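Quick note: numbers below take in every heavy atom, side chains included, and nothing from hydrogens, waters or symmetry partners. Since the structure is predicted, the reported quantities are computational estimates derived from the model, not experimental observations.
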Amino acid sequence: MATTMPATDDKPVIPLTARDFKGLVDPDWCAGCGDFGVLNALQRSCAELGLRPHEILTVSGIGCSSNLPGYFNSYGMHTLHGRSLAVATGAKLGNHRLHVIVTGGDGDGYGIGGNHFTHTARRNVDLTYVVMNNQIYGLTTGQISPTSTMGMKTKSTPFGSVEAPLNPITSAIMNGATFVARGFSGDVRHLTELMKQAIQHSGFSLIDIFSPCVTFNHDNSNAFFKERIKKLEDEGHDTNDWKTACEKAMLFGDTIYTGLFFQKQAPTLGGSEPVLEPDEPLGLQTLGLDKEQTKRIIERMM
Amino acid sequence: MATTMPATDDKPVIPLTARDFKGLVDPDWCAGCGDFGVLNALQRSCAELGLRPHEILTVSGIGCSSNLPGYFNSYGMHTLHGRSLAVATGAKLGNHRLHVIVTGGDGDGYGIGGNHFTHTARRNVDLTYVVMNNQIYGLTTGQISPTSTMGMKTKSTPFGSVEAPLNPITSAIMNGATFVARGFSGDVRHLTELMKQAIQHSGFSLIDIFSPCVTFNHDNSNAFFKERIKKLEDEGHDTNDWKTACEKAMLFGDTIYTGLFFQKQAPTLGGSEPVLEPDEPLGLQTLGLDKEQTKRIIERMM
Amino acid sequence: MAVGSFDFTIAIGGEAGQGIATPGDILARIFVRRGLHLNTYNAYQSIIRGGHIFLYLRVCDEEIYTHGDKLDILMCLNQDTMDRHLQLMRPGSWVLYNEDNIKPGEAGDGVQLCPLPVTKLSVTRNRLSQNTMAVGSAAHLLGLDFQVLEESLTLRFQRQGQAVIDENVSVARAGYDHSVANFEAFDQTVPTGPKPLAVWSGNEALAMGGAAAGVKFYAAYPMSPATGVLHWMAQNARNLGIMVRQVEDEIGVANMVIGAAHTGCRAMCATSGGGFALMTEAVGSAAMMEIPAVFIDVMRAGPSTGVPTKTEQGDLWQVLGASQGDFERFIVAPTTPVDCFNTMPELFNLTDKYQCPGIVVSDLLLSEGRFSIAPDLIDMHPHIDRGELITKGSSTDGYMRYKDTETGISPRALPGLEGYVHVVATDEHDENSQLLSDEFTNPHKRRKMVEKRARKFKVAIEDIKPPELEGPADAEITLIGWGSTYGVIREAVEILAQQGVAVNHLAIKWIVPFHGEAITEILSKSKRVVVVENSFSGQFYRYMRSETGLSVDGHIRKYDGEPFIPHHIVDGVKAHLAEKIECFVPYQEAIT
Amino acid sequence: MAVGSFDFTIAIGGEAGQGIATPGDILARIFVRRGLHLNTYNAYQSIIRGGHIFLYLRVCDEEIYTHGDKLDILMCLNQDTMDRHLQLMRPGSWVLYNEDNIKPGEAGDGVQLCPLPVTKLSVTRNRLSQNTMAVGSAAHLLGLDFQVLEESLTLRFQRQGQAVIDENVSVARAGYDHSVANFEAFDQTVPTGPKPLAVWSGNEALAMGGAAAGVKFYAAYPMSPATGVLHWMAQNARNLGIMVRQVEDEIGVANMVIGAAHTGCRAMCATSGGGFALMTEAVGSAAMMEIPAVFIDVMRAGPSTGVPTKTEQGDLWQVLGASQGDFERFIVAPTTPVDCFNTMPELFNLTDKYQCPGIVVSDLLLSEGRFSIAPDLIDMHPHIDRGELITKGSSTDGYMRYKDTETGISPRALPGLEGYVHVVATDEHDENSQLLSDEFTNPHKRRKMVEKRARKFKVAIEDIKPPELEGPADAEITLIGWGSTYGVIREAVEILAQQGVAVNHLAIKWIVPFHGEAITEILSKSKRVVVVENSFSGQFYRYMRSETGLSVDGHIRKYDGEPFIPHHIVDGVKAHLAEKIECFVPYQEAIT
Ligand SMILES: Cc1ncc(C[n+]2csc(CCOP(=O)(O)OP(=O)(O)O)c2C)c(N)n1
Ligand SMILES: Cc1ncc(C[n+]2csc(CCOP(=O)(O)OP(=O)(O)O)c2C)c(N)n1
Ligand code: SF4
Ligand code: SF4
Ligand SMILES: [Mg+2]
Ligand SMILES: [Mg+2]
């Protein structure tokens, strides 16, 4: 069967609601898990942006949070632990018309997936990365993650962690990410706005979200964040200023900031590749070379 | 055969010279390769610090630069491409008396080894990481590396690279490294001083070194650096100030800074682990449990 | 085995988060402290809340090797459990449930339905009361003194304080008394064994075996079903002086272990198939550098993420094919929990002697199951042999790390020693660890080094016990299995014997080196050979054939995630005896 | 083959950095443009400067499959080359060298020593003059017109401008003239083939085959000896509209390829053993998600980093054991450069049809060798069959990505299409891609899905041509090889035939699925079977036995990094005929 192009759908667009982005099954997250708020915000933001399910590809790794694509009505890939950003980069370049949204956990993204995080940011791949950062490994029943705080007691650190946590915000900024924000699953409205901006941003956008694990992380609970969180927007933060952005992102005491820390415009990886210029996505192109292409190849070999 | 402890050597110490750190074979690097300068500086610094070959463990990955341990007279491990920091962490914890010096290339350390770089920095493992950053993959005959500049033409990017380079200095600072410096293979004296400081620093020290590849990188040559490099020391830089450090590290135009960008004191990974307190290195301890230990284990199971 | 005179299985079913572990634990402790043998299997899902969890606790007055074929008490914590399992209950069994929210189904003949009026009897609104009450009732049904249960509850809730203890005791009492008044108890009394037993899981046995062998460095990245090893190590790190690290990924884990091993630590790590895939490159590097280190792959149902909480023996070829090129490494698949323990010191001695990696292949069934163990079977002071290890400095010249000796074994000096400075390398090197590529890639040196390393393994097989046939020599069928299927085949063989079917059993533990000749010799006398495997493609059979050329007469395979229970094998043997079939795949009944 | 009437080998030796490639290239071009067949092998090291590099250029008027057994012209660029190789020169051969800095050794009878007074004759001080002068002399020795060489030089240095051309032409002329005056030339004239041939390497053939198959996405992390594929792809990316990416590591590569493949791109990547080790987890995930993608492992001598510039067939078990669990994937080992090319479209059609990964196993010898090829053998417009791929949106309801069909193949819809929204997953899932673990891990659903996927491969073997025996049916010995040894075995068989020894040859290309029955049938008629392998442990033999149970009569193996040349096999066959030995390992003479 030859590859043909998909019909661009010309039916009148009926406005969708968050409910239209509900997946086939209900989440199996623990009652009270922060991830519900993240899912909710993502559904709202896609609806509010007027996106349609088949235009979106969610890509995740493995973890409680990485189960999200199964609960969300769109194309989805539930890939390997730590590999979502690599898969997503391939998918975005393969079909640059898709809105690619990568969802996962702090272990998945900053632990095992850390190298892809660094390099996807650096390359400014045009996708949105939503990290449900609960500062713990949830699915494997509670071990430290790269964002666990010093001294935290978990099954793998019964005497308390002795490792300094990674700061995803400052790392992302320094690695070249062009949109770096932090959200809180307990503030769905705010998170929805951040997600809308992130999805609309052209380039690599990170939203690191405090999404408490009610079962295994009793240190960083909903209440913990509720009493500390301040929004950057409320203070007139300058999102062009990486220095202040980093400085504010480093705070994790009485004040913890959420909001958009940093944004800049830069060419995206796909945008810099002339191969994507003929607007038809690579993955939907008809296969087979033409005479001219063939001739050039053979001539080179003579 | 039972494990016994090594004889602590009580012979009078004859001062060593750089020549004493010459390895069994001569380097097979191209004439003019920057790595000669790095090797030279490392030999000098070890001699000047009064270290002896058997007290040092060099650990490398794979690459032209990673061949260094074979050319250096000390214990050495020439491991897998990208894995030197992980191996070195294990070795340092296994015998914390060793001076562990990790040597390698930009591809090895920031490309395939990027995740270990992030996390070894964060954990503040007490070792010195010497990166010969030639902004290219030398051993594989010339492809872009994560530090190659935009537009650089290589065998894998014949039309020019479209990826923004990673800045090892700012990344290291943000990932939690406690000693972050940059050197130039063309200034062996300066590099030697940096290395001495780095080796003496307690915690994770990075020296990213411009070490030009004369064969495959014609953009970033010795001459290129010679005319641009300024030393931080000459300007009275404050090594406690991460903001200025990052700002200065970002410059890669008419001025390029070398020197110590940032340093702070923080507990090291080994230092935080009570298991290392009985000074005898783990790897040299006599094996076998005592009665008390055994009793405690069995009781737990009843 | 020989099923004992007392052989009783309690199953508790509910959803994740309903607290199944606690009643299971309380009951388990009562039995083992009484000196009874225990085998538990927990059928669960990769979710933290919801789903269907089903815990089997089998208790016996003789040694047992599986969770068995039958259920005596079914404790339903939710309707789902009732609906799924009631039909499987046989005459003489009991079904306990909270009558407030669970409707019983149509019970079979002789099945006693035991509704508990939980709300009415409860002194508390705690949602876990139904569990404790069911435990109380079960205690009565088993003819246990309430005091025994009370002691166990007290111990269990000790750390939570007297109020919690009191609450639980009174709820349990209510259940006990209600049961006395309403249900007919078991007609046997629970026997008492000669002395109290302990409880461990296969993972704990692996960890403890490592500790006994002198492990000083343990690194891990969490992955089910191997995480139990990490948890044990972390818990005991300070007591035992073991450096335990959670690392950024499995690649880091494996390489860190190699680094620590190089400095002289006995070092190990455990993961499951996906994590092991990431470790393979490092395994090859350890072989090339000739550094001993131990890697454990606890298999779960694959491929890929697969079914994280289900068992399978599907990683054999991955382990055999770990990393590029030919190299020396041990591969061993322990057969029982005690064997998990004993394998570790044995393997560490071998990897030290032959200076190469060792790989242990376990699986979810063995690693996560919880089993009784007689404490005196655990030898925490095994023989330790570190091989040709140099641990003292010297001023001798001319040390060559990869000296080409007659045995292929080159004396190994630890970094830090004066007089032995050397570099180890993953590139091919000469005797003095100079890279062949550094000068000119000499094919003769290359060949010599390949042969030097390979020579080590010419004799290694002699250090390993050949497998032995269990059961009658003139059996109708010889069953071959490997690793964790030892127990279920053993029990099946006994059941068949009772039924007059003579079957014998060849259990394979050592995969590399492989006792191909011994196996060929044994099987040459068999009338009919059937291979039992918990995988789809018969990975073990294909491996055995690759090493021996042997073909067999039939297969019994399972790949639905649930483990074999004895009657699956019994049915398979009968099917093979009845007609010539290639492969028997048992129907998994318990949970539909 | 049948060695043609003209069969000539030139070897150029020197150290890295002495510019061996250029004279090699110039000579190669002359021959192929003349329509002669070419086979080159470059023996080099993993260093950029120094060491010993030895380039073989074999030219023939008939098709050839190896770089052969003999040397006709030896061009020494340094003393080392003279010292190492002079003794191997046979009567009727020439040894060219710069008399200014190279001392000749004791030449054998009939070996013509041809000193070149480079400094005296040179118009320039360019250190590469000796190379060009030697080329000039070689042209004369071969009886070529100088004009032919001049044309070739002009073409070669075109981009560097007229001055460079002139300089080279005059140096070459000096060498040519000196040779005319002093040395005795070849007594044959170099023939001319029917039409000009092109030159490619196995890596280029793989890349071009991919491009012809419609590859739209190529990702790589550089690794010898696979990097040639990346370089070709990068060079041709814009012409062909292929997205080519260099990625941070091989894990990223493999996963990126899978992502791109999922959106409909034919996608591939190439690496060597160590990189493939890192990709294995992803290979398993592609199988579970049922995404077609192609992974190439170009083997080099292992284990671990091994000998990066040397050849071996040591990754077979790694590829067979790639990733945990049982899953469907194709594994194919092309036998010749043209076969490398043709394999790609065939494999992409299969992976599309069966929606699973495909793995190509090549090796350094095949991938980095440079060979002549008749352009009309390269079909850049092969048949493309994407299988059951849905590429148009629809409003039909009820699409299930993993529908359990009769063939096991479920119609595959690309993301972006309206009406087919679905999730793919590496966790075990049901027909509608819901995770089994999400609700309750149903063993029956699990079994059904394993069987659905496996069913795809029940018939796949029918799409693959069974291997065929080449040579006389009643041969004394049947040689079996796999992948790249095709050529050397083929030539050895012909040499043996000329010597009156009847040998036939069974070359295996498809590893999975494996035509075990066809092979068994063929070998059942063989008098004596000997397996030829470029590995220490006989990985292919053990695999063949695992699939067929077949044992064989002997082995010819090599694992010193250098490839087999025909007489190694010839010697091996004779050794096996002379006495019963298990394994013959040829002595590698050329470079000691
Ligand atoms: C290669 C590999 N290693 C380990 C695992 C086991 N694993 C599954 S999820 C997970 C971590 C989950 O933590 P996180 O990403 O923070 O997600 P959360 O569950 O907290 O949302 C791990 C280690 C795996 N699936 N694959
Ligand atoms: C897993 C793996 N992938 C790829 C390679 C091939 N390889 C060897 S060195 C190298 C890169 C070298 O670059 P760099 O680290 O910058 O060192 P340099 O040679 O420039 O000093 C690569 C890709 C390998 N050895 N192992
Ligand atoms: S374990 Fe934690 S992260 Fe996972 S679902 Fe429960 S609350 Fe959420
Ligand atoms: S190729 Fe480049 S990096 Fe490698 S030795 Fe030569 S100059 Fe140095
Ligand atoms: Mg988490
Ligand atoms: Mg480099």
Side-chain angles (χ1 to χ4, degrees), chain C residues 45-47 51-52 273-274 276-278 280-281 284-285 287-288 301-310 312 314-315 317-318 320-327 426-428 436-441 443-444 446-447 450 454 535-537 542-543 545-546 549 551 559-562 588 591-592, chain D residues 45-47 51-52 273-274 276-278 280-281 284-285 287-288 301-310 312 314-315 317-318 320-327 426-428 436-441 443-444 446-447 450 454 535-537 542-543 545-546 549 551 559-562 588 591-592:
Chain C
Q45 282 91 47
S46 183
I47 48 176
H52 177 61
F276 188 80
L278 294 169
T280 59
E281 195 198 9
S285 82
M288 189 58 146
S304 200
T305 310
V307 204
T309 62
K310 296 295 160 186
E312 200 166 271
D315 293 4
W317 277 62
Q318 159 163 277
L320 287 165
S323 200
Q324 69 275 21
D326 284 315
F327 58 86
T426 64
D427 271 270
E428 186 62 281
L436 293 198
S437 285
D438 249 357
E439 261 302 295
F440 146 63
T441 311
H444 302 125
R446 156 72 178 171
R447 180 170 164 185
V450 171
S535 83
F536 176 80
S537 72
R542 288 186 291 120
Y543 172 63
R545 193 155 67 170
S546 85
S551 289
Y559 42 88
D560 57 20
E562 295 299 327
Q588 173 61 45
I591 9 184
T592 13
Chain D
Q45 283 90 47
S46 184
I47 48 177
H52 177 62
F276 188 79
L278 294 170
T280 58
E281 195 198 8
S285 83
M288 189 58 146
S304 201
T305 310
V307 206
T309 62
K310 296 295 160 188
E312 200 166 272
D315 293 4
W317 277 61
Q318 161 162 275
L320 288 165
S323 200
Q324 69 275 21
D326 285 314
F327 57 86
T426 63
D427 271 270
E428 186 63 281
L436 293 198
S437 286
D438 251 358
E439 261 302 295
F440 146 63
T441 312
H444 302 125
R446 156 69 178 173
R447 179 169 165 186
V450 171
S535 83
F536 176 79
S537 72
R542 287 186 291 120
Y543 172 63
R545 193 155 68 170
S546 85
S551 289
Y559 41 88
D560 57 19
E562 295 300 327
Q588 173 61 45
I591 10 184
T592 14

**Request:** Output the option from Val450(D), Asp427(D), Asp315(D) having the highest count of non-hydrogen pairs under 4.5 Å with chain C.
**Result:** Asp427(D)

**Asked** Pick from Ser551(D), Ser537(D), Ala454(D): which one has the most heavy-atom pairs with chain C under 4.5 Å?
**Response** Ser537(D)

**Message:** Main chain of Tyr559(D), side chain of Arg446(C): is a donor-acceptor contact present, judged purely on distance under 3.5 Å?
**Reply:** yes

**Item:** Main-chain N/O of Ser323(D) paired with Glu281(D) side-chain donor or acceptor, under 3.5 Å
**Value:** no

**Prompt:** Relative to chain D, which of Gly321(C), Ser285(C), Ala301(C) shows the most heavy atom pairs under 4.5 Å?
**Reply:** Gly321(C)

**Asked** Looking only at atom types and distance, does a side-chain atom of Gln45(D) sit under 3.5 Å from a main-chain N or O of Thr309(D), one as donor and one as acceptor?
**Response** no

**Complete:** Answer key: most heavy-atom pairs under 4.5 Å with chain D among Ser304(C), Gly314(C), Gly274(C), Ala287(C) is Ser304(C)

**Request:** Select, from Val307(C), Leu320(C), Thr280(C), the one with the greatest count of heavy-atom pairs under 4.5 Å involving chain D.
**Result:** Val307(C)

**Request:** For a side chain to side chain contact (heavy atoms under 4.5 Å, CB included) with Asp560(D), tell me which candidate from Gln588(D), Lys310(D), Glu312(D) qualifies.
**Result:** Gln588(D)

**Item:** Under 3.5 Å: donor-acceptor pair, side chain of Gln318(C), backbone of Gly273(C)
**Value:** yes

**Prompt:** What residue in Pro308(D), Gly306(D), Ser535(D) has the most heavy-atom pairs under 4.5 Å with chain C?
**Reply:** Gly306(D)

**Asked** Is the Tyr543(D) ring parallel, tilted or perpendicular to the Trp317(C) ring (thresholds 30°, 60°)?
**Response** perpendicular

**Message:** Let's test your reading of the structure: which of Gly302(D), Gly549(D), Gly284(D) forms the most heavy-atom pairs below 4.5 Å with chain C?
**Reply:** Gly549(D)

